[in-house]
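Report on the structure given below.
Chain A is the first sequence line, chain B the second, and so forth, proteins listed ahead of strands; every chain is numbered from 1.
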Amino acid sequence: MAETLDKKEVVVVGMGWAGSIVAAELAKSGRQVLGLERGREKTTQDYLTAHDEYRYVVGHEMMQDLSKETITYRNTLDEEALPMRRFGAFLIGTDVGGGGVHWNGDTWFYHPYDFELKSRTEEKYGQNKVSDDYLIQDWGITYDELLPYYEKFEETAGISGEQNPMGPERRKPYPTPPMKMTPLLSDFKAACEAAGTTPFRTPAGNMSEEYTNPDGMTLAACQYCGFCEKFGCEWGAKSSPIVTTIPVAKQQDSFELRTNANVLEIMKEDGEVTGVLYIDPRTQKEYIQPADVVVITSHTTNNTKLLLHSELGTPYDPETGDGTVGKNYCLHITPSVTAFFDKEYNMSMGAGALGVTIDDYNNDNFDHSEYNFIHGGSISMKQQGKRPILENAVPQGTKNWGAEFKNESIKAYNRSAGAWAQMITLPYVNNYLSLDPTYTDEYGRPLLRVTYDLTDHDRNVHEFIADRIEEILDEMNPVSKNRSELGEHFDILPAHNDHIVGGTIMGADPETSVVNNYLQMWDADNVFVIGGSNFPHNGGYNPTGTVGALAYRAAEGIEQYLDDNGPLVDA
Amino acid sequence: MSNEETEKSFSRRNFLKMSGVATGTLITGTYLGSLLGDEAPPATDEPETGNQGDSEGSDSGSQQQNFTRAYKFFQNPEEFRIIEAATERIFPEDDNGPGAKALGVAWFIDHELSGGYGANAREYMKGPFKEGTDFQGPQYATLRRDIFRDGIRLMNEEALSNHDMPFYELEGGQQDEILTRLQENDLELPGLEAGDFFEELRLVTLSGAYADPLYGGNIEMKGWEMKKFPGAYMSYREEIEQEGFVEKEMQSNSTHISH
C-alpha cells in the first residue's frame with residue numbers, strides 16, 4: 001500500500017536541465033518545490049577518475065539501466081515491435097543532472113523559420129511542397145517570443161560563441177568568447193571558405209574561460225581533455241545542471257531533492273491531477289506525493305510513456321490521425337563524411353562542442369524551389385577528443401579485423417576526421433510513440449513502443465547534405481573519404497544520434513498538440529510537460545538550447561498558474 | 001616447431017579427443033582435471049613483469065607474483081588458449097607493436113565475462129524472445145558467458161575436424177578461415193547467428209587492447225602507445241592550439257588515484 005506524503009506546491013519529475021531549471025526558478029521565488037529523480041545524486045567529484053572509455057562509453061555507465069526499462073522498436077505499423085535490448089541508435093541518461101551531465105555542450109537557438117515551419121513553407125513554396133503525410137506544424141510560439149528565454153539559458157550555462165553569419169543578428173554577445181582554435185579546425189574553416197560557405201565557431205557549453213553566471217555559480221575553464229560526451233566533467237568546466245541549476249535550487253530552503261524516486265504514474269481524483277505515484281527502487285516501497293502542480297521533465301521517451309500510463313491526453317492513432325500524445329516522433333539523421341589525411345593532428349585533444357560550423361544549408365537559408373525537400377541541417381567539424389576503443393575509422397573496403405585493419409586503424413587514428421550534420425527529420429504520419437502490447441518494464445508496466453522509419457523526404461535531405469560535406473572536405477585534399485549511407489530501413493543497433501524528440505508536442509491548437517506555449521497540458525491545467533518531447537519537429541541544430549529556453553518559459557508559466565489557477569493560453 | 005613440441009601437441013590432441021573436450025562433453029573429476037592441467041601449455045607468453053599496476057612503480061625490478069592472472073571465467077587452459085589465438089588474429093602483432101596476446105586481451109576477456117558484461121547485466125533480457133528483422137537489434141536469450149563458451153568450443157571443433165589440431169595450433173591462415181566462417185554466419189551456434197558471436201569477440205578484443213590497463217588488458221598501455229592516444233590526461237589546455245603532432249607520455253587512470 002502506497003504511503004501518502006505531505007503535499008507540496010510543485011513536484012518536478014526528473015532532475016535534468018529542464019527539471020532543474022524549473023526547480024531553481026520556482027524555489028528562488030519561494031515556491032515549495034520537490035524534485036524527484038529516479039537515479040542517484042551526482043556531483044563533480046564523482047568524475048575525478050572518469051577518463052575511462054570502457055566504463056563510460058562501451059559500458060554506458062551514465063545511461064538508463066535497460067535491464068529495468070527500455071523501449072520496443074519496429075519500422076512499420078504491421079511489424080511486431082521488439083525490445084531494444086542494448087543501447088545503439090540513441091542513449092537515454094539517468095541520475096541527477098540527466099543528459100545535461102554527459103552531453104557535449106552544443107547550444108543553439110533554433111531558427112525563426114523552425115517555429116513557423118508550416119506557414120513559412122506554404123507561404124514561400126505553396127501548399128504542396130511536402131505531402132500531407134508529413135505532419136509539419138507551427139510551434140505556437142515565435143522566435144521573438146522565445147528569445148528572452150534562450151538568452152536566459154545561455155547566461156545560466158555560460159555559452160561561448162560568435163555571431164552566426166546566416167542566423168538572426170544577436171541582441172547580446174555570447175556570455176563567453178569562442179573556444180580555442182586548433183590546427184584541424186583551422187584547416188576545416190579554410191576549406192569551408194574555399195567551398196564558398198561561411199564558417200563560424202560552434203556555440204559551446206564547454207567554458208572558454210572561467211565564468212560566473214547570474215545565479216552566482218562559477219564554472220571553471222575547459223581543459224580540452226577530450227572526455228565530454230558520455231562523461232561527467234571533473235573540472236566543473238562543462239556547463240551542466242550539477243554545477244549550475246541544481247546547486248542554485250539547493251540553496252533555497254523551499255527546495256527538496258529526493259533521489260531514488262522513480263515516478264510511475266500521475267495521480268488523478270475526479271478527473272483532476274492531484275500528484276504523482278513513485279517507487280523507491282531500493283525498497284520497492286511506493287509513495288503518493290500530492291502536489292498543486294505536476295511538472296514532467298524526463299527524457300523524450302519517458303515523458304510520453306508517463307502520460308500514456310497515466311491516461312492523460314489522447315493517444316495518437318496513425319490510422320485515423322486522431323489524438324496527440326505520441327505524435328511527431330522525430331530524430332536527427334547524421335549525414336557524415338570521414339576524411340583521411342597525410343597530415344597528423346592531435347586528435348586525442350578536444351572538447352565536446354569544440355568545432356566550426358556552417359549554416360549555409362540549414363533552415364531556409366537557401367532557396368529550396370528546385371529541391372524535393374525543405375529545411376536541411378547545420379554542418380560541423382568537431383574536435384571532441386578521439387578515444388581508442390571505438391574510434392577505428394579505416395578507408396572503405398578495409399576488412400574490420402586482422403592485420404590490415406589494425407595497421408590502417410592505427411595509421412588513421414590521428415590522420416582522419418569527420419564532418420557531419422545535425423540534419424532535421426520531418427514528422428511523418430507513421431512515425432510515433434505508443435505503448436507496447438507485449439513487453440513490460442521491471443514493474444510490469446508496458447514499455448514505450450517506437451515506430452519509426454526513414455522517409456523519402458529525409459533521404460533526399462541526407463543525399464543533399466552529404467554532397468555538400470564532401471565538397472567541403474575535398475578542399476582539405478584528403479587521401480580518401482568515407483561517406484555515410486542510409487540503409488533500407490532505420491536500424492536500432494548502430495550508434496546514431498541521441499536527439500530524439502516529439503510525443504508531447506507544443507502548439508496553438510489542442511487538436512494537434514499536447515501542450516500550449518507555456519508547456520501546460522491542454523487537458524490538465526496543473527500539468528506541465530517539458531523537454532525534447534515538446535518539439536513538433538527537430539530543427540537543424542542540437543536541441544538542448546531549446547529545451548533550456550522552454551524550461552525557463554514554463555517556469556514563468558507555472559508561477560503565473562500558481563497565482564491564477566487556469567489555462568495560460570486560450571484554446 | 002620442434003619435434004618434441006609436435007609430439008607433445010599430437011599426444012595432447014589425442015587426449016583431448018578421448019577426453020571429450022573436442023566434442024564438448026563435460027569433463028568431471030579431479031583425475032582428468034589434473035591430467036588436463038599437466039598437459040596444457042603455459043597459459044601465456046606474456047613477459048613476467050609483475051603486476052602491471054605495479055610495473056610503473058619504483059620496484060619493477062623485483063619479480064612479483066601477479067595474483068590477477070588466474071581464471072575468473074575460463075574453466076581450463078584450453079579455453080584460454082583458443083581465445084588468445086582467435087583474438088591475436090583479430091588484432092595481430094605487427095610492426096606497430098604488440099597484438100592481442102601480448103596485450104593481455106585474453107585476460108581482459110576472462111575477467112569481463114565473469115562479471116556484468118558476461119551476464120548482460122544492464123541489458124533488457126526479458127522474454128518473449130523472437131526473431132526480429134535485421135533492423136531491430138540483437139534478440140537472443142543466450143547470455144554472453146554462454147555465447148563465448150559455445151563459440152570457443154565451436155572454433156575448436158572446426159579446427160579439430162578440419163585440421164586434426166586444436167584451434168590455437170593452426171596456422172594463422174587456417175584460424176582466419178574459421179573466424180571468417182563465423183563472421184559470415186557459415187557456422188552454427190545455438191540461439192544466435194555465428195556472426196553475432198564474432199561481432200562480440202571483435203568488440204571485446206578491441207576493448208581489451210585499448211581499455212585502461214586497470215581492466216587487465218592494454219598491458220603497460222602499449223595499445224595506446226600504438227595509436228598515440230596519451231590516455232587519461234586531465235588537461236591539454238597548453239597544447240590544444242599547437243601546430244604539429246605533440247608526443248605525450250601515456251597516462252592511465254591509476255595516475256589519478258592518490259591513496
Side-chain angles (χ1 to χ4, degrees), chain A residues 48-49 51-54 58-60 65-67 69-70 73-75 79-86 88 180-183 221-226 234-235 344-346 348-350 386-390 392 400-403 406-407 409-410 413-414 438-440 487-493, chain B residues 89-92 94-97 99 116-117 120-126 128 130 132-140 176 179 183 198 202-203 205-207 209-212 214-215 223-224 226-237 239-246 248 253 256-257:
Chain A
L48 283 172
T49 61
H51 288 196
D52 183 343
E53 181 188 13
Y54 187 64
V58 180
H60 301 301
D65 182 347
L66 294 186
S67 74
E69 176 169 10
T70 185
Y73 173 75
R74 60 179 182 172
N75 287 123
E79 276 174 18
E80 183 176 11
L82 294 177
M84 178 177 82
R85 296 191 178 277
R86 61 183 76 169
K180 289 177 185 284
M181 198 60 176
T182 75
C222 174
Q223 300 297 312
Y224 303 89
C225 73
E234 77 272 25
W235 294 97
E344 208 170 12
Y345 296 98
N346 294 299
S348 299
M349 306 176 186
K386 279 190 182 179
R387 294 173 292 264
I389 299 173
L390 297 180
N392 290 295
N400 71 353
W401 58 281
K406 184 190 173 196
N407 189 50
S409 58
I410 286 172
Y413 191 67
N414 284 303
T438 308
Y439 293 94
T440 55
E488 185 186 350
H489 297 286
F490 187 81
D491 188 343
I492 199 71
L493 182 61
Chain B
R89 293 312 297 169
I90 291 171
F91 196 83
D94 65 1
D95 292 345
N96 293 292
Y117 168 79
N120 303 55
R122 297 182 78 230
E123 295 168 23
Y124 187 84
M125 296 303 283
K126 282 167 78 166
K130 298 180 182 183
T133 68
D134 291 344
F135 305 92
Q136 289 179 298
Q139 294 295 334
Y140 38 86
D176 285 357
L179 290 169
Q183 186 177 27
F198 180 84
R202 193 186 81 86
L203 178 61
T205 301
L206 293 172
S207 296
Y210 292 128
D212 190 287
L214 76 91
Y215 295 97
W224 289 352
M226 290 186 282
K227 272 192 169 169
K228 297 191 202 170
F229 170 68
Y233 274 81
M234 289 172 76
S235 178
Y236 297 119
R237 198 173 169 86
E239 293 112 329
I240 186 79
E241 294 168 297
Q242 278 180 35
E243 280 288 345
F245 194 77
V246 181
K248 304 279 288 181
N253 269 292
H256 307 311
I257 307 291

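Side-chain atoms of A:N414 come within 3.5 Å of backbone N or O of B:K227 as a donor-acceptor pair. A:Y439 contributes a side-chain N or O that, together with a main-chain N or O of B:P128, makes up a donor-acceptor pair within less than 3.5 Å. Under the 3.5 Å distance criterion, the side-chain polar atoms of A:E69 are left unmatched by any main-chain donor or acceptor of A:L66. B:E241 places no side-chain N or O within donor-acceptor distance of the main-chain N or O of B:E239, the cut-off being under 3.5 Å.
Distance check: A:M349 CE to A:K386 NZ gives 14.0 Å after rounding to the nearest 0.5 Å. Of the inter-residue distances, the one linking A:M181 atom CE with B:I240 atom CD1 reads 11.0 Å to the nearest 0.5 angstrom.
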Original post:
Do B:Y117 and B:Y215 pass the ring-ring contact (aromatic ring centres under 6.0 Å, His included) test, and can you show the C-alpha distance, the side-chain angles, and the key distance before you say yes or no?
Top reply: CA-CA 12 Å; B:Y117 168 79; B:Y215 295 97; over 10 Å; no
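At least one test fails for B:K228 against the ring of A:Y413: distance under 6.0 Å to the centre or angle within 45° of the axis.
Of the residues considered (A:D52, A:V58, A:L493, A:L48), A:D52 shows the highest number of contacts with chain B, using heavy-atom pairs under 4.5 Å. Chain B forms the most heavy-atom pairs under 4.5 Å with one residue out of A:I492, A:N400, A:T440, A:L390, and that residue is A:N400. Counting heavy-atom pairs closer than 4.5 Å to chain A, the top residue among B:D212, B:N96, B:T133 is B:N96. Contact count versus chain A (heavy atoms, under 4.5 Å) is highest, among B:P138, B:G116, B:G137, for B:P138. Note: B:A232 leads B:A209, B:A232, B:G97 in heavy-atom pairs under 4.5 Å with chain A. When the candidates B:F91, B:Y210, B:F198 are compared by the number of heavy-atom contacts under 4.5 Å with chain A, B:Y210 comes out ahead.
Residue contact with chain A, scored on non-hydrogen atoms closer than 4.5 Å, involves the backbone of B:A121 exclusively. Heavy atoms of A:T438 lying under 4.5 Å from chain B belong exclusively to its side chain. Both the backbone and the side chain of A:E80 come within contact range of chain B, each with at least one heavy atom under 4.5 Å from a heavy atom of that chain. With a 4.5 angstrom heavy-atom cutoff, B:Y233 touches chain A only via backbone atoms. Heavy-atom distances place both the backbone and the side chain of B:D176 under 4.5 Å from chain A. Only the side chain of B:Q183 comes within contact range of chain A, judged by heavy atoms closer than 4.5 Å. Using a 4.5 Å cut-off between heavy atoms, A:D65 contacts chain B through both its backbone and its side chain.
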